[in-house]
Amino acid sequence: MPTTDAEIERVRELVAAIPPGRVATYGDIAAAAGLSTPRTVGWIMRTDSADLPWHRVLRADGTPASHLVQRQLRRLAEEGCPIRGDRVDLAAARHRFDC
């Protein structure tokens with residue numbers, strides 16, 4: 001089933017709502033948007049996130065995308081996000097959506 005424009009806009013709204021110093025996982029966003037899989041969020045982020053705080057979206061284990069590790073962790077650290085080694089401390093930094 002193709003992704004609708006409404007689903008894309010909902011994911012964009014959710015990503016834009018993540019405050020500085022906080023993060024969400026692809027799965028968190030998928031659940032809040034009512035999507036069946038986090039992969040849809042990943043696809044949307046790859047194709048339509050240039051104007052969004054993309055660096056605040058992580059894998060379920062708190063790690064960034066492998067091709068963005070240094071850049072993403074640096075941006076998160078600049079925002080005061082708690083980082084332990086190569087991952088974000090999700091227990092401390094996870095944003096909860098009000099949906």
Side-chain angles (χ1 to χ4, degrees):
M1 173 185 265
T3 305
T4 67
D5 289 345
E7 290 169 331
I8 293 169
E9 284 310 307
R10 181 64 178 142
V11 166
R12 289 178 52 74
E13 289 170 6
L14 290 166
V15 172
I18 304 168
R22 307 291 286 180
V23 296
T25 68
Y26 293 98
D28 295 338
I29 296 166
L35 300 173
S36 60
T37 177
R39 290 178 187 262
T40 303
V41 176
W43 176 81
I44 293 167
M45 294 299 294
R46 276 192 311 277
T47 59
D48 192 23
S49 68
D51 61 335
L52 295 174
W54 58 267
H55 60 285
R56 298 180 190 147
V57 181
L58 302 166
R59 295 177 181 152
D61 65 357
T63 59
S66 57
H67 65 289
L68 296 170
V69 173
Q70 298 305 318
R71 187 170 156 207
Q72 194 165 5
L73 291 177
R74 184 184 73 248
R75 289 188 73 173
L76 290 168
E78 289 170 356
E79 293 182 352
C81 190
I83 297 170
R84 305 217 188 292
D86 65 348
R87 68 188 64 222
V88 170
D89 181 352
L90 287 177
R94 185 177 241 151
H95 177 68
R96 303 289 180 195
F97 295 102
D98 297 325
C99 297

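Residue numbers start at 1 and run along the sequence shown.
- Every residue two or more places apart in sequence or in another chain that forms a salt bridge (Lys or Arg N to Asp or Glu O under 4.0 Å) with R84 is listed here: D89.
- Side-chain atoms of T40 and Y26, non-hydrogen and from C-beta on, never get closer than 4.5 Å to each other.
- Applying the side-chain contact (heavy atoms from CB on, under 4.5 Å) test to T4 and every residue at least two apart in sequence or in another chain returns A6, E7.
- The minimum heavy-atom distance linking P19 with H95 is given by the pair CD-ND1, 3.3 Å.
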Please list every donor-acceptor pair under 3.5 Å in which a side-chain atom of residues 64-75 meets a protein atom from a residue at least two apart or in another chain.
residue: Q72; atom: OE1; partner: A65; partner atom: N; Å: 3.4
residue: Q72; atom: NE2; partner: H55; partner atom: O; Å: 3.1
residue: Q72; atom: NE2; partner: V57; partner atom: O; Å: 2.9

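- For S49, the side-chain contact (heavy atoms from CB on, under 4.5 Å) partners two or more places apart in sequence, or in a different chain, are M45, L52, W54.
- Pairs engaging residues 35-48 under the salt bridge (charged side-chain N to carboxylate O under 4.0 Å, His left out) rule: R12-D48 [sequence neighbours left out].
- Atom CZ of F97 is separated from atom CG of L14 by 5.0 Å, given to the nearest 0.5 angstrom.
- If you take CD1 on I29 and CZ on R10, they are separated by 10.5 Å, rounding to the nearest 0.5 Å.
- When every heavy atom of A24 is checked against every heavy atom of I18, the shortest pair comes out as CB-CD1, 3.7 Å.
- Applying the salt bridge (charged side-chain N to carboxylate O under 4.0 Å, His left out) test to pairs two or more places apart or on separate chains, those with a residue in residues 19-35 are D28-R94.
- Residues passing the side-chain contact (heavy atoms from CB on, under 4.5 Å) test with A93, sequence neighbours excluded: V23, C81, P82, V88.
- Sorted by first and then second residue, the pairs that involve residues 52-66 and meet salt bridge (charged side-chain N to carboxylate O under 4.0 Å, His left out), not counting sequence neighbours, are R56-E79, D61-R87.
- In this structure, the side chains of V11 and L35 come closer than 4.5 Å at one or more pairs of heavy atoms.
- At least one side-chain heavy atom of L76 sits under 4.5 Å from a side-chain heavy atom of L58.
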